J.: 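One structure is given below, represented as structure tokens, and several questions about it will come after.
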Amino acid sequence: MSVINALIVAVSGFLIVFLMLCLLWFIIVMINKAVTALEKSTKTEAPAAAPASASPSAAPVKTSEPKEEAVYGGELALYNVDEKTAACIMAIISDETKIPLSQLIFKSIRALD
Amino acid sequence: MNIIDILIQIFQESGFAGLIEDPRYLVMIIVACVLLYLGIGKKYEPLLMIPIAFGVLLANLPRTGITEGLIHYLSLGVEYGIYPSLVFLGTGAMTDFGPLIANPSSLLMGAGAQFGIFTAFLMALVLGFDPKVAAAIGVIGGADGPTAILTASKLAMEYLPAIAIAAYSYMALIPMIQPPIMRMLTTEKERKTVMKQTRAVSKTERIIFPIAVTIFVVLLIPDTAPLVGLLMFGNLLKETGLTDRLSDTAQNALTNIVIIFLGISVGAKAVATNFLTLRTIEIVILGLIAFAFSTAGGLLIGKVMYRVTGGKVNPLIGSAGVSAVPMAARVSQIEGQKANPNNYLLMHAMGPNVAGVIGSAVAAGFMLKMFGA
């Protein structure tokens, strides 16, 4: 393999990796936008359906179940609490309640002064 | 016939006589013992180092015939690229792509950290390696054992043990290899950068992600299917929440079984006659260079992102782009905390870290496309 060919292979390989991962970046952003739009539309549909069912003349309307939104541990909102303290709090709660950390979901931890 | 004749006959047919006949096997037994010490005593990637070392030991005990029987059949899983793909299935089931989905720009650092693959490839060519072998050596820089093994099994079977041992040794040595490079390429101010917490990732995004990645990546580079396809399948099993039993099997039982078979098979390929060569030493050195350049590549992209975002990205997370999950991310965390004790980079570094897994699979797929049959 000539030097030129070797360089072409190396540069194009590196470029392909970059392009592929940039494409994934784009895909992730698109997924996020699509999911957010879908969630917004289900949220607006739900309140709109509620007054309809409240009307005495209208037939009972079944509102669609709100989409399940799982929030995972490690992505909770911290207010004036550092991550180390938050980790300690979560561990203590898990220990006191005897519920494994994998089954607990923390949404936010706020420091009270 | 007398007792002396019987004893002499037993000795002549024993492995000891085989060692005297070809002392290189003795050297390989010592190499196996050193590797066992590294795995057990130093805890260098023990899950794989110990099976590999024991495979080396078994294959180099003369006159056992084990490499033609049991090991031969176990090795078929390596030759056909089955074990690395199954390890990726387990890896996918264990991996949380949340940090990557929350911060997709970290994909760039995962891409930058594949720089070492192509640098080592060029250096191997300069040293006179066949292009196929050079490609397999370069993939060591991806810091991903199964990927390196899969590529070597397709492109450079004769160098598979050296490549696998180099890859796993350096992965274990990441806490020693990376920090000096990280300190050399970043400033104190950059290392002190505290990153904001990433957004929450919905379950829907987590489920769509592996499906979308499989479709797009495999369609573009079909050779990545055994790695990316299985990695994403494993992740889908985890994220749906409906296949817990399958996810559990992929994460534990299956991965453990495959690792035993993979380690023994790879180690058993390191027979004295093909392992004790100058080429092995060259591969080990090239592997180190590949690791160093990959680390530097990730860090440099991290530095670019630090500038572009106006100091919101800590460049230290770039070095985690060299796959090696989660060891490389832990190194970023440790180095970040050394600069600023209030710095928690682990979750941020997991983004480039898992991006590196995809990046190295893509790079390996590219090499297979260019140099495969």
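Chain naming here is simple, since letters A, B, ... match the order of the sequence lines and numbering starts at 1 in each. All values derive from a computational prediction rather than experimental measurement.
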J.: If you take all heavy atoms of B/A212 and A/I31, which pair is closest and at what distance?
T.: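 Taking every non-hydrogen atom into account, CB-CD1, 3.9 Å.
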J.: How far apart are the C-alpha atoms of A/L24 and B/V213, what are their side-chain angles, what is the distance that settles it, and do they pass the side-chain contact (heavy atoms from CB on, under 4.5 Å) test?
T.: CA-CA 7 Å; A/L24 285 186; B/V213 170; 3.7 Å; yes
J.: If you count heavy-atom pairs under 4.5 Å between each of B/F115, B/F366, B/F118 and chain A, which one has the most?
T.: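 Most heavy-atom pairs within the cutoff with chain A belong to B/F118.
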J.: Just checking B/F293: does its CZ atom have more than 12 heavy atoms from other residues, nucleotides or ligands closer to it than 6.0 angstrom?
T.: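 12 or below, so no.
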J.: Can you tell me how far apart CH2 (A/W25) and CG (B/N103) are? Round to the nearest 0.5 Å.
T.: 8.5 Å
J.: Are there more than 12 heavy atoms of other residues, nucleotides or ligands under 6.0 Å from atom CD1 of A/I4?
T.: no
J.: Distance check, rounded to the nearest 0.5 Å: B/Q114 atom CD versus A/M20 atom CE?
T.: 13.0 Å
J.: If I take atom CD1 from residue A/I28 and atom CZ from residue B/F209, how far apart are they, to the nearest 0.5 angstrom?
T.: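 Rounded to the nearest 0.5 Å, the CD1-CZ separation comes out at 4.5 Å.
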J.: Could you check whether any side-chain heavy atom of B/L107 comes within less than 4.5 Å of a side-chain heavy atom of A/C22, counting everything from C-beta outward?
T.: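 Contact flag for B/L107/A/C22 side chains = no.
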J.: Using every non-hydrogen atom in the two residues, find where B/L122 and A/A6 come nearest and quote the distance to one decimal.
T.: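 Closest approach of B/L122 to A/A6, heavy atoms only: CD2-O, 3.5 Å.
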J.: Could you look at A/S12 and say if it's the side chain, the backbone, both or neither that has a heavy atom under 4.5 Å from chain B?
T.: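 It is both, since atoms from each part get that close.
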J.: Tell me the closest heavy-atom pair linking B/Q197 and A/L78, and the distance in Å.
T.: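 Heavy atoms only, the tightest pair is OE1-N, 4.0 Å.
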J.: Is chain B contacted by the side chain of A/V3, its backbone, both, or neither, given a heavy-atom distance below 4.5 Å?
T.: neither
J.: Quick one, A/F18 with B/L108, criterion side-chain contact (heavy atoms from CB on, under 4.5 Å). Give me CA distance, side-chain angles, the key distance, then yes/no.
T.: CA-CA 7 Å; A/F18 253 97; B/L108 294 180; 4.1 Å; yes
J.: Evaluate the side-chain contact (heavy atoms from CB on, under 4.5 Å) criterion for residues B/I208 and A/V35: first the C-alpha distance (whole Å), next the side-chain angles of each, then the deciding distance (0.1 Å), finally the verdict.
T.: CA-CA 10 Å; B/I208 296 172; A/V35 170; 4.0 Å; yes
J.: In Å and rounded to the nearest 0.5 Å, what is the CE to CG distance from A/M1 to B/L125?
T.: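 These two atoms lie 6.5 Å from each other.
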J.: Where on B/I117 is there a heavy atom nearer than 4.5 Å to chain A: the side chain, the backbone, both, or neither?
T.: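 Answer is neither: B/I117 stays 4.5 Å or more from chain A.
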J.: In Å and rounded to the nearest 0.5 Å, what is the CD1 to CE distance from A/I8 to B/M370?
T.: 9.5 Å
J.: Step by step, would you call A/V9 with B/F121 a side-chain contact (heavy atoms from CB on, under 4.5 Å)?
T.: CA-CA 10 Å; A/V9 169; B/F121 163 71; 3.9 Å; yes
J.: So, taking the atom named CD in A/E83 and the one named CE in B/M347, what distance separates them when rounded to the nearest 0.5 Å?
T.: 9.0 Å
J.: If you count heavy-atom pairs under 4.5 Å with chain B, which of A/N32, A/I27, A/I16 comes out on top?
T.: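 That would be A/N32.
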J.: Identify which part of B/S360 has an atom lying under 4.5 Å from any heavy atom of chain A, answering side chain, backbone, both or neither.
T.: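 Looking at B/S360, nothing touches chain A.
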